[in-house]
Amino acid sequence: MTNDPGKVTTRTAEPAPIGEPRPGGSGERGAAETDGASRLRAAGVALAAAQGGGIPKRRRHVATALLQRYGLLIALILIVVVFSLLRPNTYATWQNFSSILTGDAALTLISLGIMLPLVVQQYDLSIGYIATTSSLFTVGVMSRNEWSIGAAIALGLFIGILVGVVNGVLIAFAKLNSLVVTLGVGSILAGIALIYSGGRIISGGVPRAFTILGQARPAGIPIAFIYAIILAAAVWYWLSFRVSGRHLYAIGGNPDAARLSGIPVKWLTFLALVGGALLASAGGIIQAARIGASSADSMVSMLLPAFAAAFLSTTAIRPGNFNVWGTVIAVYVVATGTSGMFMIGAPTYVEPLFNGAILIGAIGLYRWTMHRRDKAAG
Amino acid sequence: MTMTMTAPSGAADMALSIRGLSKRFGGTNALSTVDLDLRRGTVHALLGHNGSGKSTLIKLLGGYHVAEAGSITVNGEPMPLRHTASDSDGAGIRFVYQDLGLIGSMSVAENMAMGVGYATSRVGSIVWRTQYREARRQLRRLNTDVDPRDLVHDLGPVEQTMLAIGRALQGVGHHRGILVLDEPTARLPQSEVVRLLEIVRALKADGVSIIYVTHRLDEVFEIADDITILQAGEVIFSGAAATTNERQVGNMIAGRSLDDATPPRPAPQPAGLDRASTVVQVSGLSGRRVRSVDFEVQRGEMLVIIGLVGSGRSELGRLIFGLQPITEGTVRVGDAVPRSEIDPRWAAQQGMAYVPQQRDMGLVLGESIAENLALTSLKQFLRRFAVRSPLVNEMARGLIKKLGIISRDERQMVSSLSGGNQQKVALGKWIRNDLKLIIMDEPLQGIDIGAKIDILRSIRSSVLDRGGAAIWLESDIEFVPDYADRVLVMRDGCITHELTHKPISLDEMMMALYGTVHR
């Protein structure tokens, strides 16, 4: 694993004269053409160049903006490259990638389910419980009561909507604090899930067709991943191209200004909470279909990485704003990182440590992005 | 790095002496070779457009920025350019910013303690009795008997300002204290300004040297001894207030002739407008602080409602736009059925608009100009299932040009604009063809004179001349005569006077506002 440090480091050593644009490609473009092993270093150079160096201000500004927008994607590529080089025989296999894609489809949806209320400055801590309850009842009614697949899925989604409506009414209309409300609602759901499951894993009696819905691989692509991407695209379309979706950002930015502009703040806050809950229950059902079983705590632990992914999204694609593709990329940054660490033999306790560190790092980066943005604003 | 070593002559009687102070931000000269002498025990007005360098100068004094060149001498002693906030605090320079920095939910005494710490016993527990006594003593110096136990949000705006001043001056002898007041009257209604000016005079008589930043020229000539005017980071005037006058100073700040500021007179309106041209009719409207108000607004009319704080002026606007509940009476928009249940969404759908007094209530500061301008009209840019951003941007560019919003482009964040330009955005988001009535609550507060004129002209050209109407709620009558078509005066929740004959005189308005009410 050798590389040529001289090749890269010389790029920082020759500052361009201030006020004159650099001829030809900028430093970071050149760096990107070097071989894979030195990419990490190259990114460091790009960062250094973006932060100072002798690059003219405007260009530096553009470079920083680009780096910030795609930094998370670069991180994702770096993680994959590094682990692929370290474990070429196990990590860099289609089997491993497709297992990551499948395994984290549910996390993607739960992260989007958390992100949606965050856009309007509301926290949904019940999201993991919503996913769990939906998955549990979807599996349960098929296993115990021989419901049809369609009816069971409808029930799972209905549970999501129902909980979302309860959260939404209490938060958007009754103006209760979202942290406290969803903490309470989450606890109630946990209780219901325990009653229903009796603390046991529910499995068996699930129609084969249901698990095929979760395990199929059309054209070799895991179907769970396809569901996640389709739903993510739907949320992205709502937030970017629908009037009500774009108004969510206005509400998050300044609820007073939104209200004074005639935007239905309460109603849209309600919708964001219901939409988030619905996404989470979809995540729960996909997970159930993938595994063919469910239990009362199956997805509760996803809350933390989901929060991390949502907050990481604010550092990418649309810096300073919670956004869909940033969240999706962030989910896979977390997932590829965790998977890679297991492959190089890290013990299981690394995962919670890693998740916690990522979450704190994410909100740290979020603050830093906002700070930079405010500073740039003058 | 060059330093001017020559001490200014007569530096001894100067509280603060600044020589050749310069500061660059990136490529722009925020401040270039600025001189300023603050004589001890005087008030020195620091004037200039938004973005002229006033804030930079203050921040250099406070140690938030570091100057590239120049010298600062405080009470005869040089202060290093690279000084910290605690250095300038130690030298006796104290600051009261526009937002005061008070915590509303805490008591007066606790707010006082935020500056210098609590009075504590040997083991570190707070001795409240001493704390309250000390706070009371400090406030007495300002001739106020505010109870140190009162919560700050229960105090009036002047008392709050007073508290902030009292807190700032703790621990500095008045004779060597230098107080920087950054637009202390911007958040005060006209009636309260008088009281604040009294306080400033009292401080001055007590030996405090004051740098007074403001946009209100009438105040300047009431209390300032000296005036310094900045423009684009340079001093364009410096001298005794007695050597100049309001008109000259106004011209210098605006950088243009004030004659130019008089609006093109609107075409005289036909006498006896017919009923059909009534845009909004308010009948027997009552609510909090408003009692049975009747009036109507005509197409193309600028109706100014003046009233002091507490007169119900702001509340009247809020009632019409549905921001507070109507207890009695109705609002009729156009030919629609009169309503007594209004919410902002309905009001906006009827073609009404509202520009709130607090600018940040009308704007999403963290979003771009284009997003803000589209807040009320996003639906118009929906084409086949999708909002088209290019259309939004095109609209924004048009409005930026039309309203004279000074900005890099339509994607610039609103938080990075100056106050005047922010206000133009807050107004601009409502500008559209079917706008029937725009309600503005003190739209000129805290912005420079050029922006004030731009805004009033935009209302004329983009609203009134297109058949819309405007209700302008105001406590400061300075610009009213030139731009109003009709003036209503509000006192104690009622309309007491109607001034229709032009020209509307300032004296007449003053009489109506302050004089005895004849009923």
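Proteins come first, then strands; the chains are lettered A, B, ... in the order of their sequence lines, and each starts at number 1. Values in this document were obtained by computation on a predicted structure and should not be read as measured data.
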Just checking [X]: does its [atom1] atom have more than 12 heavy atoms from other residues, nucleotides or ligands closer to it than 6.0 angstrom?
{"X": "A/I229", "atom1": "CD1", "answer": "yes"}
{"X": "B/R411", "atom1": "CZ", "answer": "no"}
{"X": "A/F173", "atom1": "CZ", "answer": "yes"}
{"X": "A/W325", "atom1": "CH2", "answer": "yes"}
{"X": "A/Y70", "atom1": "OH", "answer": "no"}

request  = Under 4.5 Å heavy-atom distance to chain B, tell me which part of A/Y249 shows up: side chain, backbone, both or neither.
outcome  = both
note = Rounded to the nearest 0.5 Å, the CZ atom of A/R246 sits from the CD atom of B/E367 at a distance of 9.0 Å
message = For the CG atom of B/L363 and the CG atom of A/L260, what is their distance to the nearest 0.5 Å?
response = 10.0 Å
remark   = Counting heavy-atom pairs under 4.5 angstrom with chain A, the leader among B/P344, B/A386, B/S389 is B/A386
task = Among B/V355, B/T376, B/D343, B/N372, single out the residue with the greatest number of heavy-atom pairs under 4.5 Å to chain A.
result = B/T376
Closest heavy-atom pair and its distance - B/V364, A/G253 = CG1-CA, 3.5 Å
inquiry  = If we ignore hydrogens and angles and just use 3.5 Å, is the side chain of A/R242 paired with the main-chain N or O of B/F385 as donor and acceptor?
reply    = yes
request  = Would you confirm whether A/N254, through its side chain, and B/L365, through its main-chain N or O, come within 3.5 Å as a donor-acceptor pair?
outcome  = no
